Amino acid sequence: MLNIYNTLTRTKAPLEPIIPHQVRLYVCGMTVYDHCHLGHARVMVVFDVVVRYLRYLGYEVIYVRNITDVDDKIIQRAKENSEDIHALTQRFIDAMHEDEDALAVLRPDIEPRATQSMADIITMIQTLLDNGLAYMGDNGDVYYQVEKFAAYGALSGKKTAELLAGSRVDIETAKKNPLDFVLWKAAKPEEPHWPSPWGNGRPGWHIECSAMSTRCLGSHFDIHGGGMDLQFPHHENEIAQSEGATGHQFVNVWMHNGFVRINEEKMSKSLNNFFTVREILNHYSGETIRCFILTSHYRSPLHYSEHNLNTAQGAVNRLYTALRGLDTSDCPADLGQNFIAKFTQAMNDDFNSAEALAVLFELAHDINRYKTTNTAVACQLGGLLRQLAGVLGLLQADADRYLQGTDNNSIRDATIENLIQARQNARVQKQWAESDRIRDELKAQGIVLEDGANGTTWRREL
RNA sequence: GGCUGAGUGGCAGAGUGGUUAUGCAGCGGCCUGCAAAGCCGUGUACAUCGGUUCGAUUCCGUUCUCAGCCUCCA
């Protein structure tokens with residue numbers, strides 16, 4: 001039984017899909033005005049694993065992750081770049097897809113965009129106006145009247161009185177109450193806008209998610225996810241909008257992942273202490289980054305450091321090393337039921353990927369032992385390792401190919417093979433000095449040799 | 001100030017009311033021409049002070065420290 005921690009109830013509870021065997025999942029995606037950083041990567045990988053595991057359990061999953069392609073920052077960035085807004089957003093959407101592919105993140109089933117959802121957005125705002133939950137300010141903006149929604153604050157554990165006392169809320173005179181948030185912004189000169197019953201304008205940030213999730217998944221669905229910082233106000237406002245419009249529950253389970261930290265601080269754009277995915281990909285494989293993300297539980301902080309990335313790199317290498325030389329095409333039969341049970345138990349406990357990874361290492365350990373004593377068993381366990389790792393989106397490459405890297409480095413594969421052959425000739429004649437010289441020469445170029453029972457294998461150094 | 005969450009062995013990071021996490025690093029050994037990889041062995045970690053209990057790192061409370069949200073943010 002899969003248990004998931006629900007932010008709404010602050011407890012873990014068994015997943016009970018609204019429609020049996022089907023899970024409808026919505027995740028708040030990127031605002032596309034810049035490259036993805038590691039924090040975005042964490043959201044992508046975490047919910048990719050959620051989807052993969054739900055499918056592994058046999059659920060039919062409808063996975064929706066939106067793209068926010070109109071907002072203040074996008075407009076500002078386009079202005080700075082003297083770039084067409086559509087060109088800018090398309091550029092970063094393409095980049096995002098590249099990053100996802102590098103991290104082996106499967107595409108969501110539906111990737112709706114705010115700019116392509118205006119009809120749904122306008123309809124929902126009109127409903128909120130009709131229901132008396134929204135009003136138009138004297139500046140032409142349409143606002144949600146928070147005090148009209150009694151359950152406001154339920155998700156984030158905030159009380160409206162305390163929010164006001166915090167007094168960090170922007171004072172906008174057109175609002176009846178500082179907590180009110182904008183649903184529709186009246187157009188300013190030279191800004192993108194769409195026609196609406198309230199004049200030309202564009203949607204506020206929160207309404208798009210309510211409108212798009214409802215269009216794609218219906219007005220009541222199973223899981224809504226995103227980063228912890230979206231809990232308030234974004235998700236709180238989504239609930240107010242959606243439930244205010246429909247009068248019934250919006251989402252059953254709210255999932256929020258923890259932050260990436262660097263030097264004990266949140267990695268974020270505003271602190272300017274972030275690393276983009278593509279920067280990190282210059283030094284580490286996508287699989288290493290993915291493994292690094294999964295080494296900590298999704299709700300815990302993830303501490304970015306070169307040292308921790310190096311450790312993840314070593315971990316992936318160890319797993320691939322166990323698979324190396326094994327024909328894993330045979331599906332695992334009865335072997336390894338205990339590993340499957342432990343893996344499933346870990347994942348059933350709120351997607352505990354750290355513990356699931358530990359099971360993978362135990363499996364690799366067994367494989368290494370059987371390699372010398374019982375190849376058939378080792379192969380079957382290898383197949384199982386590949387299968388379970390696949391649920392985490394890991395170990396899907398050919399082991400040798402991963403360990404040897406691509407043939408675009410300073411030294412060509414053919415050169416390596418030639419030197420290995422030369423060294424082998426020297427070894428046959430017990431010319432150890434020459435043999436070691438060749439090995440050192442390769443080592444200096446990042447190539448590590450390993451003499452095994454079946455000859456010499458090589459890999460690129462970490 | 002209000003509200004969350006967290007403090008685990010050298011590092012990272014799970015978990016548990018009484019028994020091995022796991023990975024990396026270290027130490028000893030096996031294997032190897034020597035290595036590498038792998039294997040075998042090896043570590044009285046659970047912030048603090050109290051309480052509950054036969055027994056707590058695990059439950060409750062105190063203190064301290066850290067992070068996050070309350071403003072755009074994944």
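So you know, we letter chains A, B, ... as the sequences are listed, proteins then strands, and number each from 1. Predicted model only: the values in this text are computed from it and were never measured. We use all heavy atoms of the structure for the numbers below, so side chains are in, but hydrogens, waters and symmetry mates are not.
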Taking atom [atom1] in both [N] and [M], what distance in whole Å separates the two?
N	M	atom1	value
B:A6	B:G17	P	16 Å
B:A45	B:G10	P	8 Å
B:U52	B:A67	P	35 Å
B:U22	B:G41	P	11 Å
B:C66	B:A74	P	27 Å
B:C11	B:U48	C1'	23 Å
B:U19	B:C39	P	27 Å
B:U57	B:U65	P	24 Å

What is the distance from [atom1] of [X] to [atom2] of [N], rounded to the nearest Å?
X	N	atom1	atom2	value
A:N352	B:A14	CG	P	7 Å
A:I262	B:C66	CD1	C1'	17 Å
A:L294	B:U22	CG	C1'	14 Å
A:R299	B:C69	CZ	P	18 Å
A:D229	B:U4	CG	P	19 Å
A:H297	B:A14	NE2	C1'	10 Å
A:I367	B:C39	CD1	P	11 Å
A:F361	B:U20	CZ	P	20 Å

Could you tell me the Watson-Crick or G-U partner of [N], where both distances fall under 3.5 Å? Say none if there is no partner.
N	answer
B:G55	none
B:C66	B:G5
B:A12	B:U22
B:G41	B:C27

### Query
Any idea which heavy atoms bring A:L395 and A:Y320 closest together, and the distance?
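For A:L395 versus A:Y320, the nearest heavy atoms are CA-OH, 3.2 Å.
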Looking at every strand, decide which applies to [X] at a 4.0 Å heavy-atom threshold: base, sugar-phosphate, or nothing.
X	value
A:G226	sugar-phosphate
A:K266	base
A:H256	nothing
A:V359	nothing
A:M44	nothing
A:K73	base
A:L449	base
A:G39	base
A:F259	base
A:G452	nothing
A:N308	sugar-phosphate

### Query
So which nucleotide from B:A74, B:A14, B:U4 ends up closest to the side chain of A:N257?
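Between B:A74, B:A14, B:U4, the one nearest the side chain of A:N257 would be B:A74.
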### A:H307, nearest nucleotide to its side chain (from B:G68, B:A37, B:C11)
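From the listed options, B:C11 comes nearest.
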Short side-chain N/O contact from [X] to OP1 or OP2 of [N], under 4.0 Å:
X	N	answer
A:R65	B:A74	no
A:N368	B:C39	yes
A:S300	B:A14	yes
A:R437	B:A35	no
A:K342	B:A21	no
A:H235	B:A74	no
A:R369	B:C40	yes
A:R42	B:A74	no
A:H303	B:G13	yes

### Task
Name the residue closer to the 5' end of RNA chain B, choosing between A:Q231 and A:T31 according to the nucleotide with the nearest heavy atom.
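Closer to the 5' end of RNA chain B: A:Q231.
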### Query
Taking the nucleotide of RNA chain B with the closest heavy atom to each, which residue, A:D349 or A:T311, is nearer the 5' end?
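It is A:D349, whose closest nucleotide lies nearer the 5' terminus.
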Look only at the side chain of [X] and the backbone of [Y], and say whether a donor-acceptor pair between them is shorter than 3.5 Å.
X	Y	value
A:N352	A:H297	no
A:R24	A:C216	no
A:N257	A:Y298	no

### Query
Does the B:C24 base have a donor-acceptor partner in the side chain of A:R318 within less than 3.5 Å?
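When only heavy-atom distances are counted, A:R318 does not reach the base of B:C24 through any donor-acceptor pair under 3.5 Å.
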### Message
Given the structure, check if the side chain of A:K158 and the base of B:C69 hold any donor-acceptor pair shorter than 3.5 Å.
### Response
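Such a pair is found, so the answer is yes.
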### Ion pair check, A:D366 and A:R369, cut-off under 4.0 Å
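Salt bridge: yes.
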### Message
Tell me if the centroids of the rings in A:F92 and A:H35 come within less than 6.0 Å of each other.
### Response
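A:F92 vs A:H35: aromatic centres under 6.0 Å.
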### Donor + acceptor pair across side chains of A:E208, A:N66 (<3.5 Å)
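Short answer, yes.
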### Message
Side chains of A:Y304 and A:N263: any donor to acceptor distance under 3.5 Å?
### Response
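No pair is found: no donor N or O on one side chain lies under 3.5 Å from an acceptor on the other.
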### Row check, A:Y5 ring normal vs A:R299 NZ/CZ: under 6.0 Å, within 45°
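So A:R299 does make the cation-pi contact.
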